J.: 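The following block contains the structure, expressed as structure tokens.
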Amino acid sequence: MIKPVIPENEAERLHALRTLQILDTSHEERFDRVTRMAKRMFGVSTSLVTLIDEDRQWFKSKQGLDITETPRNVSFCGHAINQNGLFIISNASEDERFFDNPFVIDDPKVRFYAGYPLKIREGMNIGTLCLIDQEPRVMDAEDQQLLKDLGAMVEQEIKSIQLATLDELTLISNRRGFLTLVEHSLSICRRNKAPMSFLLFDLNKFKAINDAYGHNEGDSVLTKFAQLMRKTFRNSDVIGRLGGDEFVAMLTDSNKENTGDILARFVEAVDEANSVMNKPYTIEFSVGLAHFQYDTKKSVEDMIQDADAAMYKDKKNEAR
């Protein structure tokens, strides 16, 4: 058996998937409708909408299967997300990648598999719409086009979720998505009596970059800044783009010392990026920091406002 390759953009892919907040949620009619259609149109035993998490594939919608997830390292869909187009296995028992796969040898004794990779943008696939059957089969051009059409329907539903919670340019949480995730993290902090910190970032001289080099270059700066945030902050932290050139982070179980360490790593990461970008400008920012105890009575918006006020004080100092 050949295990699926991990995509090069795995960290960014996982962050985008988790920001959608659909892992481990209830089945929804908008997805179940498509899997029902797929199962009936193709006459297969199983049709699924799968999402590929770090170590598992989880089924957002399933027809003809009782389990809710399987390990990623034995999944067919783990291979499918590395494709730009359909991933079709006509007879898994004769394919060197799958002939000794446990799902081929044992139940459900997969023979035929066809997966449409679900993308949230080019080169970033988060899962599949897939068909499975116990008999080998071949898909002609018409069948392949039909599966692509159904897959596009699923992508459209994911897109509607994405627009609600994910910043389309940077693929980190937008304001709405950030506030939703923060409420969950806030509950954890209160339950564990853990302090928290909010950091508000504002890019300096961003308008000048747009004016001098164009909005595409400005978009590149925003995207790079978000990538550096993903790279630097911990998995337990929540990051987002509030809008324009403002970014925010909530650090859980944080104090002045470890927050300072994380911020220092971020400054170092930005400095390193500037040194290798070979651009006629540098990414510079001001940051405001505000600490809170687990039992604070302030709302999330109030805590962000406190960090915002601290950021404007920082702007009076030399920009980074």
Side-chain angles (χ1 to χ4, degrees), residues 4 7 13-14 16-53 56-72 74-90 92 103 108-166 168 171 177:
R13 191 192 69 82
L14 284 174
L17 170 61
R18 291 167 182 171
T19 302
L20 291 172
Q21 303 175 61
I22 56 176
L23 285 170
D24 300 308
T25 57
S26 301
H27 285 200
E28 297 180 56
E29 175 59 23
R30 56 180 167 175
F31 296 112
D32 290 343
R33 184 186 307 116
V34 179
T35 52
R36 286 197 305 267
M37 289 170 59
K39 184 174 183 293
R40 180 166 183 171
M41 287 178 175
F42 291 100
V44 293
S45 61
T46 304
S47 61
L48 307 164
V49 170
T50 72
L51 299 172
I52 306 300
D53 199 4
R56 59 173 179 155
Q57 63 170 357
W58 178 79
F59 308 131
K60 175 60 179 172
S61 178
K62 54 189 174 70
Q63 309 293 331
L65 194 67
D66 292 330
I67 57 177
T68 58
E69 63 181 59
T70 66
R72 178 177 178 176
V74 296
S75 70
F76 285 66
C77 296
H79 291 268
I81 65 167
N82 291 313
Q83 310 298 311
N84 291 324
L86 297 181
F87 182 67
I88 301 173
I89 305 298
S90 295
F103 295 118
K109 292 185 169 59
V110 176
R111 292 298 178 266
F112 168 74
Y113 171 92
Y116 173 92
L118 300 170
K119 59 183 177 296
I120 56 176
R121 76 175 187 190
E122 287 301 321
M124 186 172 295
N125 301 324
I126 61 170
T128 71
L129 169 66
C130 70
L131 310 171
I132 295 172
D133 202 49
Q134 282 70 49
E135 297 294 332
R137 56 191 296 171
V138 175
M139 294 188 81
D140 61 23
E142 186 176 353
D143 284 341
Q144 291 185 34
Q145 185 58 54
L146 178 56
L147 180 56
K148 291 177 183 178
D149 291 343
L150 292 174
M153 291 172 62
V154 178
E155 284 179 333
Q156 189 60 41
E157 296 299 341
I158 292 174
K159 184 73 171 179
S160 67
I161 298 172
Q162 180 181 347
L163 289 173
T165 62
L166 198 68
E168 189 171 8
L171 293 182

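Computed from a prediction, not measured in an experiment: that's the story for all the values here.
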J.: For the residue pair Thr46 and Val110, establish whether any side-chain heavy-atom pair is separated by less than 4.5 Å.
T.: no

J.: How long is the gap from CZ on Arg121 to CG on Leu171, to the nearest 0.5 Å?
T.: 4.0 Å

J.: Under a 3.5 Å distance rule, please check whether Arg72 uses its side chain to pair with a backbone N or O of Pro4 as donor and acceptor.
T.: no

J.: For the atom pair CG (Leu48) and NZ (Lys39), what is the distance rounded to the nearest 0.5 Å?
T.: 11.0 Å

J.: With distance as the sole test, does Thr35 use its side chain to make a donor-acceptor pair with the main-chain N or O of Ser47 at under 3.5 Å?
T.: no

J.: Taking the side chain as C-beta and beyond, is there a heavy-atom pair between Ser61 and Val34 under 4.5 Å?
T.: no

J.: Could you walk me through whether Met153 and Leu129 pass the side-chain contact (heavy atoms from CB on, under 4.5 Å) test, one step at a time?
T.: CA-CA 10 Å; Met153 291 172 62; Leu129 169 66; over 6 Å; no

J.: Would you name the heavy atoms of Glu135 and Phe112 that are closest together and state the gap between them?
T.: O-CB, 3.3 Å

J.: If you measure from the Lys or Arg side-chain nitrogens to the Asp or Glu carboxylate oxygens, is any gap between Glu168 and Lys159 under 4.0 Å?
T.: yes

J.: May I ask you to check whether Lys60 and Thr25 show a side-chain donor-acceptor distance below 3.5 Å?
T.: yes

J.: Evaluate side-chain contact (heavy atoms from CB on, under 4.5 Å) for Met139 paired with Leu131, printing each intermediate quantity in order.
T.: CA-CA 11 Å; Met139 294 188 81; Leu131 310 171; 4.3 Å; yes

J.: Does the side chain of Val49 come within less than 4.5 Å of Glu28's, by heavy atoms?
T.: no

J.: Below 30° counts as parallel, above 60° as perpendicular, anything between as tilted: where do the rings of Phe76 and Tyr113 land?
T.: tilted

J.: Atom OG in Ser75, atom CZ in Arg56: separation rounded to 0.5 Å?
T.: 12.5 Å

J.: May I ask you to test the Val44-Ile132 pair for a side-chain heavy-atom distance under 4.5 Å?
T.: no

J.: If I take atom NZ from residue Lys119 and atom CG from residue Asn84, how far apart are they, to the nearest 0.5 angstrom?
T.: 9.0 Å

J.: Could you check whether any side-chain N or O of Arg36 sits under 3.5 Å from a backbone N or O of Gln63, counting only pairs where one atom can act as donor and the other as acceptor?
T.: no

J.: Which heavy atom of Arg18 sits nearest a heavy atom of Asp53, and at what distance?
T.: NH2-OD1, 3.0 Å

J.: Under a 4.5 Å cut-off applied to non-hydrogen side-chain atoms, are Ile89 and His79 in contact?
T.: no

J.: How close do Phe103 and Val74 get, counting heavy atoms only, and between which atoms?
T.: CE1-CG2, 3.3 Å

J.: Quick one: list whatever passes ring-ring contact (aromatic ring centres under 6.0 Å, His included) with Tyr116, sequence neighbours left out.
T.: none

J.: Looking only at heavy atoms, what is the nearest atom pair of Ile81 and Pro7, with distance?
T.: CD1-CG, 4.1 Å

J.: Should we count CD of Glu29 as having more than 12 external heavy atoms under 6.0 Å?
T.: yes

J.: Whether the side chain of Thr68 engages the backbone of Phe59 through a donor-acceptor N/O pair (distance < 3.5 Å, no angle test) should be reported.
T.: no

J.: So how far is it from Asp143 CG to Leu86 CG, rounded to the nearest 0.5 Å?
T.: 10.5 Å

J.: Step by step, work out the side-chain contact (heavy atoms from CB on, under 4.5 Å) result for Leu20 and Ile126.
T.: CA-CA 10 Å; Leu20 291 172; Ile126 61 170; 3.7 Å; yes

J.: To the nearest 0.5 Å, how far apart are CD in Gln162 and CD in Gln156?
T.: 10.5 Å

J.: Looking at every heavy atom in both Leu147 and Ala114, which two are closest together, and how far apart are they?
T.: CD2-CB, 3.9 Å

J.: If we ignore hydrogens and angles and just use 3.5 Å, is the side chain of Asn125 paired with the main-chain N or O of Gln83 as donor and acceptor?
T.: yes

J.: Give the minimum heavy-atom separation between Gln134 and Ser45, together with the two atoms involved.
T.: OE1-OG, 2.8 Å

J.: Just do the side-chain contact (heavy atoms from CB on, under 4.5 Å) check on Ile52 and Leu17 with the steps written out, would you?
T.: CA-CA 8 Å; Ile52 306 300; Leu17 170 61; 5.7 Å; no

